[in-house]
A.B. asks: 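Dropping a structure here in structure tokens format, bear with me for questions.
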Amino acid sequence: MAKRPGTHIPRKRFGQNFLVDQGVIDRIANAIGIQEGEHLVEIGPGQGALTERLAPTGCRLDVIELDRDLVAGLLAAFSIYPGFKLHSADALKFDFSSLAEDGRPLRVVGNLPYNISTPLIFKLLENAAIIQDMHFMLQLEVVERLAAQPGGKAWGRLGIMAQYHCQVEHLFDVPPAAFNPPPKVQSAIVRLTPWRASPWSQCEESELRKVVQAAFAQRRKTLRNNLKGLIDGAALEALGIDPGCRAETLQLSQFIEIANAVNEQT
Ligand code: SAM
């Protein structure tokens, strides 16, 4: 086993809460279920808590770390593995398609800095075609929004766009004590698996995004009010959708129908 990088004072601005509970690390590794020869991508390897489970598997492993002070330790610990490559870069600006040149789908993993998790997930959803699956440690509240179902407060833009692209599974929760320093919030592990055969009818993604954004702009307002300018009440009724209802009661399939109707109008 490689030597772990040395002591590093966790930096708040990089969202550094390092995993220290080996039981949780085991559960994450088991949930991922790595097979030799796969192509893994770890976002934010930090001090290597997860990396030391990923690197010795005989897989290609690209890690992307923003904090330059962690780079030397990571290289010292993991360069012995032939498949290991470190990218000293910002994952939010990283070109993930540049990793797909070997034709193997990417398995993306990360205990994500919570301040960048939502924009990063949206960025990765744009690359869903080259991704086999993603396993992330996130704030529990974000996992609940990703895996939400219609009818509750958690149902909104994040869950709808994620579920349009992926199967979403809330795997298990992780308490603050599993990290150093412990975060103020509960965390959870989520698996996102891009659909190979989507259960949804297709629509223009930009149109879906526009409709969902507008529909939830003011959660207490009716659909008719929030969607003014995009589609009128009569057109919603023609789709069998009550214009007087609120966005949080609509199914994903109904958002897709509205997006297609808006697209046909323009
Ligand atoms: N994987 C390690 C663990 O589980 O102990 C570290 C997790 S820590 C929550 C998040 C890591 O992401 C830190 O190493 C941090 O420096 C890194 N990070 C923060 N922002 C990043 C970004 N924009 N791109 C890549 N890495 C980033």
Side-chain angles (χ1 to χ4, degrees), residues 1-32 34 40-57 59 61-78 81 84-99 106-127 134-143 171-191:
M1 180 69 65
K3 194 176 151 295
R4 289 275 303 282
T7 344
H8 166 90
I9 298 168
R11 289 192 165 125
K12 215 172 170 179
R13 74 188 160 102
F14 290 136
Q16 291 177 349
N17 299 95
F18 297 117
L19 259 174
V20 288
D21 184 324
Q22 291 303 316
V24 170
I25 296 168
D26 285 345
R27 283 187 81 184
I28 299 172
N30 287 340
I32 302 170
I34 299 161
L40 311 176
V41 179
E42 186 186 3
I43 298 170
Q47 295 184 295
L50 284 172
T51 324
E52 70 178 9
R53 303 299 174 97
L54 309 176
T57 54
C59 290
L61 171 62
D62 288 274
V63 304
I64 305 162
E65 175 55 62
L66 180 62
D67 185 349
R68 295 210 180 118
D69 287 353
L70 292 168
V71 165
L74 286 163
L75 288 174
F78 301 113
Y81 297 106
F84 178 83
K85 183 163 183 200
L86 187 140
H87 305 265
S88 177
D90 181 347
L92 286 175
K93 297 185 183 145
F94 192 78
D95 175 13
F96 287 90
S97 67
S98 70
L99 300 179
L106 309 180
R107 302 199 69 197
V108 185
V109 178
N111 169 14
L112 295 188
Y114 294 160
N115 53 339
I116 67 157
S117 58
T118 307
L120 187 61
I121 289 171
F122 276 113
K123 181 179 166 80
L124 288 163
L125 291 176
E126 285 169 21
N127 290 279
M134 303 177 253
H135 289 80
F136 293 133
M137 172 89 75
L138 300 169
Q139 230 171 296
L140 173 60
E141 179 254 327
V142 176
V143 172
L171 296 184
F172 57 90
D173 296 347
V174 180
F179 304 87
N180 174 42
K184 290 200 177 73
V185 292
Q186 292 286 330
S187 303
I189 298 290
V190 68
R191 178 189 292 138

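We use all heavy atoms of the structure for the numbers below, so side chains are in, but hydrogens, waters and symmetry mates are not. Counting convention: from 1, in listed order, for ligands and their atoms alike.
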A.B. asks: What heavy-atom pair brings Asn127 and Ser97 nearest, and what distance separates the two atoms?
C.D. replies: OD1-N, 4.0 Å

A.B. asks: Mind checking what makes salt bridge (Lys or Arg N to Asp or Glu O under 4.0 Å) contact with Glu141, not counting sequence neighbours?
C.D. replies: Arg145

A.B. asks: Excluding sequence neighbours, so at least two apart, what forms ring-ring contact (aromatic ring centres under 6.0 Å, His included) with Phe84?
C.D. replies: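 So Phe84 forms a ring-ring contact (aromatic ring centres under 6.0 Å, His included) with Phe78.
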
A.B. asks: Collect the protein residues that have a non-hydrogen atom under 4.0 Å from ligand 1 and hand them over in chain and number order.
C.D. replies: Phe14, Gly15, Gln16, Asn17, Phe18, Leu19, Glu42, Gly44, Pro45, Gly46, Ala49, Ile64, Glu65, Leu66, Asp67, Leu70, Ala89, Asp90, Ala91, Asn111, Pro113, Ile116

A.B. asks: For Asp69, give me all partners under salt bridge (Lys or Arg N to Asp or Glu O under 4.0 Å), at least two apart in sequence or on another chain.
C.D. replies: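 Per chain and number, Asp69 pairs via salt bridge (Lys or Arg N to Asp or Glu O under 4.0 Å) with Arg11.
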
A.B. asks: With heavy-atom distances below 4.5 Å as the criterion, would you say the side chains of Phe96 and Glu126 are in contact?
C.D. replies: no

A.B. asks: Identify the heavy atoms of Ala31 and Arg191 that sit nearest to each other, and give their distance.
C.D. replies: O-NH2, 2.9 Å

